[in-house]
Structures are given as C-alpha cells and as structure tokens.
Amino acid sequence: MKSTPQLLCTVLALFCGAALASAIPGRAEVKKVVGKASFTKAGSAPSTLSEGMVLGTGDTVITGAGSTVDLYLGLNGDYLRVDPDTTLKIDNLDIGNIAERTVTTQLSLGKGAITGNVVNKLTRASKYEIKSASGVAGIRGTVYSVKTDANGRITRIVVTTGTVTFIDRGVTITISAADGAKAYSPPPAGTTPTQALVGAATSVEAQVTSVIGVILERIQQGQMDSGAVGTVINNPLDVSISQ
C-alpha cells in the first residue's frame with residue numbers, strides 16, 4: 001500500500017492532468033486604454049473600461065472617437081486592438097485543452113475595426129472567428145485587420161502575416177500573405193464574390209497593420225509603456241499615427 005505522501009502525489013498528478021485536459025474559460029486582459037472606452041455585460045449598463053480589467057465571454061467593448069483598447073487574449077489568440085468608434089462583443093473565449101492548446105475564440109464586430117496579432121499559430125482543432133453582418137472571417141496564425149461599416153458589414157480585410165478565410169455570401173475567400181500583404185474588399189450587393197478580388201494591400205495598409213501587430217506584442221512583453229505607444233486614429237486602413 002502506498003504511503004500518504006505517495007498517495008497525495010498520485011492524486012495531485014491525476015488532478016493536474018484532468019485540469020489540463022478539461023475546458024476552462026479564456027480571458028481578455030485590458031492592457032491599454034487610449035481615450036474613452038466602456039464595456040457591458042449581458043443585461044447591464046455600460047461601465048468605464050480601464051487598464052488591468054479582465055473581460056470574458058458575453059462582454060462587449062465599446063470605444064469612442066479617437067480611442068483604442070488593447071487586449072491580451074493569451075492562448076485564445078494573443079493580441080487584439082479595438083479601434084476607434086468600434087463595438088466588439090466577445091461571443092466565446094474557451095480553452096478546450098491547455099496541454100494541446102485547443103481553443104475557441106469567437107468575436108462579433110458590430111461596427112468599426114479591429115487589428116490582431118495571433119503570434120502562436122493555432123492548432124488545427126482550434127477555432128478563431130470574427131463574425132460580422134456580412135459573413136465570418138476565420139483567423140489562423142495571422143497579423144490582420146478587419147474593417148466594417150456602420151451596419152457591421154465587412155468592407156476591408158488586410159492580412160500581413162498568415163491567412164484569413166472569409167465566407168462572403170456563401171463563397172469562401174482566402175486571403176493569404178504568403179507572398180506579401182494581401183487585402184480583400186467585398187463586392188457590392190448583387191455581385192458574386194470571387195477569389196480574383198484578393199489583391200495586394202496598399203503600402204499604408206500593410207505598414208499600419210504590421211506596426212500595430214508589433215506594438216501589441218511589445219506592450220504585453222513590457223517593452224512599451226503608455227507614453228511610447230502610437231495611437232491609431234479613425235481606423236487601421238485610413239489612419240494617422242501619433243506618438
């Protein structure tokens with residue numbers, strides 16, 4: 001029969017193994033707020049959002065004019081910037097299996113724009129989706145930006161690293177930066193989306209999206225503070241950057 005210390009070690013090992021294999025809620029840590037931003041929980045009134053807060057499934061982030069919020073999602077997709085005049089709901093942040101890095105990240109972009117940097121490529125079993133009024137974009141090991149109009153319909157997707165797949169009116173569009181930054185603008189209503197509409201991103205789009213991706217990563221690493229981070233005005237595709 002095992003001694004008490006040995007038994008405790010065995011139980012602890014089994015417990016830790018079960019914890020690694022079981023699903024736990026993900027979290028979005030607010031790393032930086034520029035300007036004015038708020039958040040809501042289901043059925044609650046808006047509250048002021050500030051650095052250090054932790055958000056999760058069901059929470060919605062709302063940014064004002066000239067304001068941004070930088071989030072750290074950890075295993076759920078690393079880094080995310082919510083751009084000015086944006087409404088972003090966290091539909092689901094879930095870590096299905098820590099050991100295997102299997103996660104589910106589902107965000108709804110009600111209006112505005114976001115820029116993300118998924119540093120650690122997601123496993124094949126993982127899911128990272130951005131839902132919009134006009135379709136769903138799937139993210140995979142990517143530096144990207146997504147812009148919508150006031151009605152939440154995607155108007156532009158830019159990819160500087162990795163791949164985004166966008167289901168546009170039932171047609172799967174692949175935006176891959178394998179040979180340079182790429183972008184896609186959905187065609188007008190009544191026009192069929194085609195892969196041929198994917199083209200090179202403009203130099204401004206490519207530069208701004210890439211720079212924000214680097215900024216987000218450096219904020220998390222503690223290499224930048226609130227006085228050294230550029231602020232994106234308006235959106236990542238039509239911007240000026242101030243220090």
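One is the number of the first residue; the rest follow in order along the sequence. Because only heavy atoms are used, hydrogens play no part in the values below, and waters and symmetry mates are left out as well, while side chains stay in.
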Kindly check if the number of other-residue, nucleotide or ligand heavy atoms within 6.0 Å of CD (Gln207) is above 12?
-> no

Does the side chain of Tyr128 come under 3.5 Å of the side chain of Asn76 through a donor N or O and an acceptor N or O?
-> no

Donor-acceptor side-chain pairing of Thr102 and Asn97 below 3.5 angstrom = no

Side chain to side chain donor-acceptor pair (under 3.5 Å) between Asp168 and Tyr184, worked out | CA-CA 11 Å; Asp168 188 0; Tyr184 173 73; 2.7 Å; yes

Is any side-chain heavy atom of Ser145 less than 4.5 Å from a side-chain heavy atom of Ile157?
-> no

Got a sec: does the CZ of Arg140 have more than 12 other heavy atoms crowding it under 6.0 Å?
-> yes

From Ser210 atom OG to Tyr144 atom OH, the distance as rounded to the nearest 0.5 Å | 14.0 Å

Val198 versus Thr174: any side-chain heavy-atom pair under 4.5 Å?
-> no

Below 4.5 Å, heavy atoms only, C-beta onward: do Thr161 and Thr142 meet side chain to side chain?
-> no

State the CG-CD distance between Leu93 and Gln106, to the nearest 0.5 angstrom.
-> 9.5 Å

Looking at Thr48 and Met53, what are the two nearest heavy atoms and their distance?
-> O-CE, 3.4 Å

Working to the nearest 0.5 Å, report the span between CG of Asp94 and OG1 of Thr105.
-> 8.5 Å

Quick one: do Ile215 and Ile219 satisfy side-chain contact (heavy atoms from CB on, under 4.5 Å)? Show the steps, please.
-> CA-CA 6 Å; Ile215 287 173; Ile219 290 173; 3.8 Å; yes

For the side chain to side chain contact (heavy atoms under 4.5 Å, CB included) test, which of Thr160, Ile212, Val119, Asp78 pairs with Val143?
-> Thr160

Side-chain heavy-atom pair Thr86, Ile62 within 4.5 angstrom cut-off | no

Is it true that Leu49 and Val54 fall in one hydrophobic cluster, defined by side-chain heavy atoms closer than 4.5 Å?
-> no

Hey, which of Arg218, Lys32, Arg81 is the one that makes salt bridge (Lys or Arg N to Asp or Glu O under 4.0 Å) with Asp70?
-> Arg81

Any Ile90 side-chain heavy atom under 4.5 Å of Asn92 side chain | no

Is the side chain of Ser38 donor-acceptor paired with the backbone N or O of Pro46 at a distance under 3.5 Å, no angle test?
-> no

Approximate separation, where rounding is to 0.5 Å, of Thr123 OG1 and Glu100 CD | 8.0 Å

Consider only side-chain heavy atoms of I, L, V, M, F, W and Y, link residues closer than 4.5 Å, and tell whether Val171 and Val136 are in one cluster.
-> no

Flag side-chain contact, heavy atom, 4.5 Å: Ser67 against Val34 = no

In the single-linkage hydrophobic clustering (I, L, V, M, F, W, Y; side-chain heavy atoms under 4.5 Å), do Ile139 and Ile167 co-cluster?
-> no

Locate the shortest heavy-atom distance separating Arg169 from Thr191; write the atom from each residue and the value.
-> NH1-O, 3.3 Å

Do Thr87 and Thr60 pass the side-chain contact (heavy atoms from CB on, under 4.5 Å) test, and can you show the C-alpha distance, the side-chain angles, and the key distance before you say yes or no?
-> CA-CA 7 Å; Thr87 299; Thr60 299; 3.7 Å; yes

From CA spacing to verdict: side-chain contact (heavy atoms from CB on, under 4.5 Å), Gln195, Ile173 = CA-CA 6 Å; Gln195 186 65 35; Ile173 306 296; 4.0 Å; yes

Distance, nearest 0.5 Å, that separates OG1 of Thr148 from CD1 of Ile154 = 7.5 Å

Rounded to the nearest 0.5 Å, what separation is found between the OG1 atom of Thr68 and the CG atom of Asp83?
-> 7.5 Å

For Gly213 against Asn117, the heavy-atom pair lying closest together | O-ND2, 2.9 Å

Check whether any side-chain heavy atom of Leu80 lies under 4.5 Å from a side-chain heavy atom of Ile114, and answer yes or no.
-> yes

Donor-acceptor pair, side chain of Thr209 and main chain of Glu205, under 3.5 angstrom | yes

May I ask you to decide whether Glu29 forms a salt bridge with Lys31, counting only side-chain N to carboxylate O separations under 4.0 Å?
-> yes

Closest heavy-atom pair, Ile24 versus Ile98, reported as atoms and distance to 0.1 Å, is CD1-CD1, 3.5 Å

Is there side-chain contact between Leu71 and Tyr79, with at least one heavy-atom pair below 4.5 Å?
-> no

Could you walk me through whether Ser108 and Asp91 pass the side chain to side chain donor-acceptor pair (under 3.5 Å) check?
-> CA-CA 7 Å; Ser108 287; Asp91 288 329; 2.3 Å; yes

What heavy-atom pair brings Phe166 and Ser134 nearest, and what distance separates the two atoms?
-> CZ-O, 3.9 Å

Ser185 and Arg156: side chain donor to acceptor below 3.5 Å = yes

Residue pair Ala28 / Leu73: nearest heavy atoms and the distance that separates them | CB-CD2, 3.4 Å

